[in-house]
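Reading through the structure tokens given below for one structure.
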Amino acid sequence: MARIKPFRAWRYNRELSTKIEELASPLFDVVSKKQREALYVNPYNSIHISVPRNIEAQKKTVEAWKADGIISQDQIPGIYVYYQHFTLPGSKRTFIRKGFICFLEATDWNSVDSDVLRHENTMPHSVNDRIEILAQSQMNVSPTHGLYFDPDFSLEQYMDESMKNPIYDREDYQGVRDVMSVIHDFEVIKKFVAKLKGQQVILADGHHRYEGSLLYKQRMQAENPNHTGDEAYNFHLMYLTNAESDDLRILPTHRLLSGLKDFNKNELLEKLSEDFTIKPLDNPNDVNEIILGKKWAFGLLFGKDAYKVRLRPERMEHMKWNFPQVVKDLDLTVMHYFIIEKALGILGKDQRSSDHITFERNFSNCLEKTMTDEVDFAIITQDISMEDVKNVCHSGYTLPQKSTYFYPKVISGYLFGSIKEDEFTLPFNIGF
């Protein structure tokens with residue numbers, strides 16, 4: 001089952017760490033072009049190694065930062081506790097997502113005995129990019145997000161204690177307060193190792209980075225006739241949070257459709273009327289509230305025009321995709337089959353690589369892009385429950401790509417994890 005290790009993180013030097021908010025950056029899959037250009041201005045911002053302008057130059061950047069003391073490696077291995085304090089629109093509650101960062105052995109999620117379960121498909125071009133980033137510098141530039149199960153919250157007391165002496169405490173680009181500390185006590189670390197040893201981890205976010213690590217591991221294993229399984233390339237940097245926590249939040253990811261040949265709104269609505277009840281809406285801003293809590297209901301935005309569409313239950317038997325019922329019943333499966341495949345003609349097998357489909361988490365951005373004709377139309381979706389994620393994982397199937405948005409996103413730049421053998425190996429044998 002899941003095998004984790006403490007590690008010696010590479011972090012910004014003491015002087016730069018006092019300005020960590022100027023060095024942190026969004027993850028590669030959410031940072032906008034405008035954000036990237038602004039962050040590139042600072043020569044030491046983490047964007048230069050997480051989303052470099054030039055992948056080949058990334059290795060030189062990492063090596064230069066090490067040589068010049070811009071980043072230095074912690075002397076003592078530890079588990080890095082990471083709390084994110086945040087709020088959500090419409091709620092006065094402050095949530096605290098509690099977790100910790102460590103190395104986890106990367107196992108093939110296509111294997112029946114894998115330690116890691118995925119819930120989403122990946123997109124090939126993003127995976128290739130992440131492999132090269134890892135191969136160039138042998139550095140995990142940001143942790144992926146995984147879920148473990150601890151209904152007794154037995155690890156929380158140790159994390160709370162560690163948080164009394166934080167390394168960082170800053171607000172990020174999301175308006176989220178990111179706080180990090182470290183646990184060096186080996187006896188306490190062993191409790192974390194033991195907790196994960198008997199279970200599988202569900203991958204919440206970072207499927208492309210994790211798959212990149214898997215493929216890199218396979219490449220290195222093929223080149224190493226003395227492979228043992230303990231080499232640094234077997235491991236992947238992971239941020240682990242408790243799936244039983246009420247502070248775990250999943251937000252919806254909407255679909256934007258563009259570049260459709262001879263697209264006509266009325267023709268699309270006519271095709272959808274075979275399977276959906278369709279209701280025009282007076283105000284596009286009301287879409288989220290109107291579809292909320294209604295099974296198989298979606299909002300369609302066409303500039304100033306908006307519609308609520310809801311699958312008629314009797315049409316479900318016409319779904320031709322060969323999935324287990326737990327996957328068929330999902331709103332997202334209904335959307336990708338009845339709207340994107342059946343009505344638009346983009347086959348399921350082609351949707352992962354389709355240039356016509358993009359993803360947007362922000363409703364206002366969806367509305368703006370339809371109003372300005374930047375896209376043909378938008379499909380507004382609802383969030384998915386943690387229970388649905390668990391059920392899909394254990395069914396052996398996956399959700400469509402970009403189905404979940406675990407909020408908030410992990411920040412990049414607080415620490416980096418090396419898989420160079422001499423930087424990964426613990427300084428003495430502590431039984432991990």
Side-chain angles (χ1 to χ4, degrees), residues 29-30 32 88-91 120 249-260 263-313 315-316 319 329-346 348 351-352 354-385 388-389 399-409:
D29 58 342
V30 293
S32 67
L88 292 173
S91 173
E120 283 186 349
R249 285 293 177 268
I250 308 174
L251 304 184
T253 301
H254 312 301
R255 271 56 173 167
L256 300 175
L257 283 299
S258 60
L260 299 169
F263 176 72
N264 183 285
K265 178 191 76 173
N266 293 328
E267 289 180 4
L268 173 63
L269 292 174
E270 179 65 27
K271 290 178 181 178
L272 292 175
S273 65
E274 180 181 353
D275 300 306
F276 294 85
T277 57
I278 301 174
K279 178 182 178 182
L281 304 178
D282 295 329
N283 187 346
N285 290 293
D286 294 337
V287 166
N288 283 317
E289 288 75 16
I290 289 173
I291 67 173
L292 185 64
K294 298 178 177 68
K295 191 172 184 178
W296 302 332
F298 310 93
L300 302 183
L301 300 180
F302 305 91
K304 295 181 181 179
D305 297 328
Y307 298 81
K308 169 196 163 188
V309 299
R310 189 174 187 184
L311 186 75
R312 297 199 297 273
R315 300 301 297 175
M316 178 57 86
M319 181 182 285
D329 281 343
L330 296 171
D331 285 356
L332 290 165
T333 308
V334 167
M335 174 187 67
H336 277 268
Y337 178 77
F338 285 100
I339 301 180
I340 298 180
E341 176 169 297
K342 189 178 177 191
L344 293 178
I346 305 174
Q351 291 177 16
R352 287 175 61 195
S354 174
D355 294 333
H356 300 298
I357 307 169
T358 53
F359 306 90
E360 177 59 63
R361 279 95 180 191
N362 187 291
F363 174 81
S364 297
N365 288 345
C366 290
L367 191 55
E368 179 184 354
K369 288 180 179 181
T370 57
M371 290 282 193
T372 58
D373 294 324
E374 186 177 337
V375 299
D376 294 323
F377 75 104
I379 308 173
I380 305 303
T381 65
Q382 302 184 64
D383 58 7
I384 186 170
S385 72
D388 282 336
V389 173
L399 294 165
Q401 64 275 19
K402 298 295 182 183
S403 296
T404 58
Y405 183 57
F406 283 83
Y407 184 82
K409 284 281 188 176

query: Are Phe359 and His254 side-chain neighbours, meaning at least one heavy-atom pair lies under 4.5 Å?
result: no

Would the distance check show the side chain of Gln351 and the main-chain N or O of His336 forming a donor-acceptor pair, the cut-off being under 3.5 Å? yes

Does the His356 side chain pair with the main chain of Leu257, one donor and one acceptor, at a distance under 3.5 Å?
-> no

(message) Below 30° counts as parallel, above 60° as perpendicular, anything between as tilted: where do the rings of Phe377 and Phe302 land?
(response) parallel

Query raised in the report: Any sub-3.5 Å donor-acceptor pair from Arg312's side-chain atoms to Ser273's backbone N or O?
Result: yes

Is atom CG of Asp282 surrounded by more than 12 heavy atoms (other residues, nucleotides or ligands) closer than 6.0 Å? no

Checking Leu311, Ile291, Val334 against Phe298 for side-chain contact (heavy atoms from CB on, under 4.5 Å), the one that qualifies is Val334

Requested in this report: Find out whether Leu260 and Leu268 are in side-chain contact, i.e. whether some heavy atom of one side chain is under 4.5 Å from a heavy atom of the other.
Outcome: no

Shortest non-hydrogen pair, Asp376 vs Gly259, comes out as OD2-N, 3.1 Å

**Asked** Are Cys366 and Leu256 side-chain neighbours, meaning at least one heavy-atom pair lies under 4.5 Å?
**Response** yes

Heavy-atom nearest pair, Ser385 first then Ile250, reads C-CD1, 4.2 Å

Item checked: Residues, nucleotides or ligands: over 12 heavy atoms within 6.0 Å of Asp355 CG -> no

Closest non-hydrogen atoms of Ile340 and Ile357, given as atom of the first, atom of the second and distance, are CG2-CD1, 3.9 Å

| field | N/O donor-acceptor pair under 3.5 Å between Arg249 side chain and Pro408 backbone | value | no

CG (Asp331) and OG1 (Thr381) are apart, to the nearest 0.5 Å, by 8.0 Å

Report yes if some heavy atom in the side chain of Lys409 is under 4.5 Å from a heavy atom in the side chain of Tyr405; otherwise report no.
yes

Separation between CG (Asn362) and OG1 (Thr253), nearest 0.5 Å, reads 11.5 Å

Taking Trp296 for the side chain and Val309 for the main chain, is one N or O donor matched with an acceptor at less than 3.5 Å? no

Between the CE atom in Met319 and the CG atom in Asp275, the distance rounded to the nearest 0.5 Å is 9.5 Å

To the nearest 0.5 Å, atom CD1 of Ile379 lies from atom CD1 of Ile339 at 4.5 Å

Check: Val287 and Phe363 side chains under 4.5 Å, non-hydrogen atoms: yes

For Gly348, does its backbone N or O pair with a side-chain atom of Glu341 as donor and acceptor, under 3.5 Å? yes

- [ ] Measure the shortest side-chain to side-chain distance between Glu368 and Glu374 over non-hydrogen atoms and say whether it is less than 4.5 angstrom.
- [x] no

d(Leu281 CG, Asp286 CG) to nearest 0.5 Å is 7.5 Å

Separation between NZ (Lys271) and CG (Asn266), nearest 0.5 Å, reads 12.5 Å

Hey, mind stepping through Asp329 and Met316 against side-chain contact (heavy atoms from CB on, under 4.5 Å) and telling me if it holds? CA-CA 8 Å; Asp329 281 343; Met316 178 57 86; 4.3 Å; yes

Check the surroundings of atom NZ in Lys265: do more than 12 heavy atoms from other residues, nucleotides or ligands lie under 6.0 Å from it? yes

